[in-house]
Protein chains: 2
Amino acid sequence: MIIRIESESDIPIYLQISNQIIEGIARGYIKAGQALPSVRSFAADLGVNMHTVNKSYHHLEQKGIIRIVPKSGAVIASPQDFNESTINKLKDEYKHLIAESLVIGMPTIQITELVDTLLEEFKKSNGQLK
Amino acid sequence: MIIRIESESDIPIYLQISNQIIEGIARGYIKAGQALPSVRSFAADLGVNMHTVNKSYHHLEQKGIIRIVPKSGAVIASPQDFNESTINKLKDEYKHLIAESLVIGMPTIQITELVDTLLEEFKKSNGQLK
DNA sequence: TTTTTGTTCTATACAAAATAGAACAGATTT
DNA sequence: AAATCTGTTCTATTTTGTATAGAACAAAAA
């Protein structure tokens, strides 16, 4: 899996890393149970600081997406028992995103089609999706 | 239209204001051509600084959602001629949001249903939506 | 045993966010 | 015409977030 860091981006580096890992999991490039690179080697690959990768991992762990085993490493979690809070935050993000889409004049049909297209795209990369 | 500021939130105040204005427009509580409160009166109502509201207004203007007439005031813009860049940024946000939803185990059906439900909810508040 | 692992600590540098106060000039209201 | 209100601009301070750096620790892995 290839991760690209854009230093000019207004998105913090640790979030760029987190987001691309999430996409990698969704596309099936990395699967539950598999280990992520160590914070040191990953940082060296990406050309960023160790603490930045560490922050990204803890960000993903707080979302329940990975498990960090102390003194061992980080592993992709199984998609199960996610707390209500995580789901509610996602729902709020959907609400805001849809609101903004409507405000700039996107018809509802275009929104549903966009979502369907993206879902199909992920399914194409990852056959295991339900 | 009621706007609530959560000072404990990790979302910056100026974004909380922007987001709730966007939702207000999507729901039809405020319509194109209508004026927003002055930065000073709005700041007084919300209990925040004038410059924070000003930042929010400029943030909305940069998105093309409102127009700021110098020495006069801010007005809701008409949903027209939005640049490709704005739409592409929205598409990226949809992509990431869907990826995260899939990763935490949401079935695709639940995602499309959530989007449909939210769209219906906005339509119920705002009959003018296409 | 040596290396690697995440963790923890101190430290520095920079940018963003939020507040505050003052002043300006144009628009609006009275 | 005068007074008020408008967004704008400027300086200033405080707090928080981001990113880097280096060092040390103890447990796990090779």
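Naming: A, B, ... by sequence-line order, numbering from 1 per chain.
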Is there a side-chain contact between B/Y94 and A/S101 (heavy atoms, below 4.5 Å)? yes
For the residue pair A/H59 and A/Y14, categorise the inter-ring angle as parallel (less than 30°), tilted (30 to 60°) or perpendicular (more than 60°). perpendicular
Measuring from atom CG of A/N126 to atom CZ of A/R27, what distance do you get when rounded to the nearest 0.5 angstrom? 10.0 Å
Given the rule that I, L, V, M, F, W and Y join up when any side-chain heavy atoms are under 4.5 Å apart, are A/L118 and B/I104 in one cluster? yes
Select base, sugar-phosphate, or nothing to describe what A/Y14 touches, counting heavy atoms under 4.0 Å on all strands. sugar-phosphate
Under 4.0 Å between a side-chain N or O of B/T52 and OP1 or OP2 of C/dT19? yes
Chain B reaches DNA chain D, atoms under 4.0 Å from its heavy atoms, from D/dT6 to D/dC10
Contacts of B/K63 meeting side chain to side chain donor-acceptor pair (under 3.5 Å) (sequence neighbours excluded), chain-then-number -> A/E100
Most 5' of A/I68 and B/P12 on DNA chain C, judged by nearest nucleotide: A/I68
When the distance from CD1 of A/I13 to C1' of C/dC14 is rounded to whole Å, what number comes out? 13 Å
The answer to which of A/H51 and A/S72 contacts DNA chain C further toward the 5' end, by nearest nucleotide, is A/S72
Check this one for me: any side-chain N or O of B/N49 less than 4.0 Å away from OP1 or OP2 of C/dA18? no
In this structure, how many angstroms lie between the C1' atom of C/dA20 and the CZ atom of B/R40, rounded? 13 Å
Nearest 0.5 Å, please: how far is CD1 in B/I5 from CD1 in B/I11? 10.5 Å
To the nearest Å, how far apart are A/I11 CD1 and C/dA15 P? 19 Å
Over how many whole Å does the gap from B/I17 atom CD1 to C/dA18 atom P extend? 8 Å
Contacts of A/H51 meeting side chain to side chain contact (heavy atoms under 4.5 Å, CB included) (sequence neighbours excluded), chain-then-number -> A/N49
Protein-nucleotide distance (B/M50, atom CE; C/dA18, atom P), rounded to Å: 15 Å
Nearest heavy atom decides the nucleotide; on that basis, is A/P70 or A/G47 closer to the 5' end of DNA chain D? A/G47
Check: B/K71 side chain, C/dG26 base, donor-acceptor under 3.5 Å: no
